[in-house]
Amino acid sequence: MGFLDIFSHPLWAALSALLAVVVRLQRRTIWDPKTCAMRLTGKTAIVTGANTGIGKFIALDFARRGARVILACRSESRGQAAATEIKQITGNSDVHLRIVDVSSMDSVRAFAKRILEEEKSLHILVNNAAVSGLPRQITKDGFEASFATNHLGPFLLTNLLLELIKRSAPARIVTVSSLNHKRGEVDFSHFHGKNLVYTMDQVYNHTKLHNIICTNELARRLQGTGVTANSVHPGVVMTEVMRHYPAWLRFLFNLVGFFFFKSPEEGAISPIYCAVSEELEGVTGKYFDSDCSLVLPAPLARDTALAVKDFEFCEKLTSKL
Ligand SMILES: *[C@@H]1O[C@H](CO)[C@@H](O)[C@H](O)[C@H]1NC(C)=O
């Protein structure tokens, strides 16, 4: 019997079938955007990092539902390409690119200023843009670059747009966090690049924890305003969030990911669920899993005293800039 003959063994067929079932089960969500009839006509939505990956599919869904969609992207050319593609696919011409680099507080302020000047309302804000695996870098604002991009920039952006969002209530703020937050820790010196270990996704994990903590505190502050704020895990998705990883590692992830990871389109489902689903009307301060189920985040993300401290700390850090 040659080596390859083992693949014709019935056991092999049974194993592949089992694998296929496991993969399907793992990818199943309890909500399907295709069966959700919610229209967003007359609504305005902003999606950060919308030129690629999950963000692009979120923006595409909103455009399909008839929203005015603002793609908040760093790259003019890639952002424009995404806007053109979304307009073509959906036939919705109310899709616009606005440039922002969320790692820069100046850029966030300039972006927010323009939005406040140009937009009469804002019903959905999806903080999606993020990086992982960046080497240690300090931005010109003095922040550690991953913290600036994944947390402080989105935090400032949300706060600058908050009055407009409140005036547009009912409105929803969705922060794309990650299951990885469970391995995150809170240490306020991290924001300035101190006491950080740059192994794999460690820094990413910390930033994703801060996402949930501050979103929960925001939700508490927004009680009674008709604006909700929730966090969501999109699933393990092969996206450009890994663009800073070594090529061999990305190759390995691609290979494994082919079987086990979600596509960016599948990863967009739980954020879309948080942004548009009827059953989440009024639901706030919660964390949703990649299958759209309501789950508890890590204990640190449920510590309300810590949330107040973290939120105030981030406010102080970003207010001066
Ligand atoms: C980051 O979180 C993921 C998911 O929980 C975990 O697998 C990984 O080991 C964490 N990374 C580090 C360096 O702790």
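When a ligand or atom number is given, it counts from 1 through the structure's own listing order. All values reported here derive from a predicted model rather than from experimental measurement.
Residues lining ligand 1 at a heavy-atom distance below 4.0 Å are given as N180, R183, T199, D201, Q202, N205, ordered by chain and residue number.
The side chain to side chain donor-acceptor pair (under 3.5 Å) test with N127 singles out one residue from T48, T215, T158, and that residue is T158. Just one of H151, H190, M105 meets the side-chain contact (heavy atoms from CB on, under 4.5 Å) condition when paired with F143; it is M105.
Here the shortest heavy-atom pairing between T29 and S290 reads CG2-O, 3.5 Å.
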Practice prompt. Could you give me the CA-CA distance, side-chain angles and deciding distance for K316 and E312, then say whether salt bridge (Lys or Arg N to Asp or Glu O under 4.0 Å) is met?
Written response: CA-CA 6 Å; K316 225 188 289 158; E312 284 174 359; over 6 Å; no
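If you take OG on S293 and CG on D291, they are separated by 3.5 Å, rounding to the nearest 0.5 Å.
A donor-acceptor pair shorter than 3.5 Å cannot be found between the side chains of N211 and H181.
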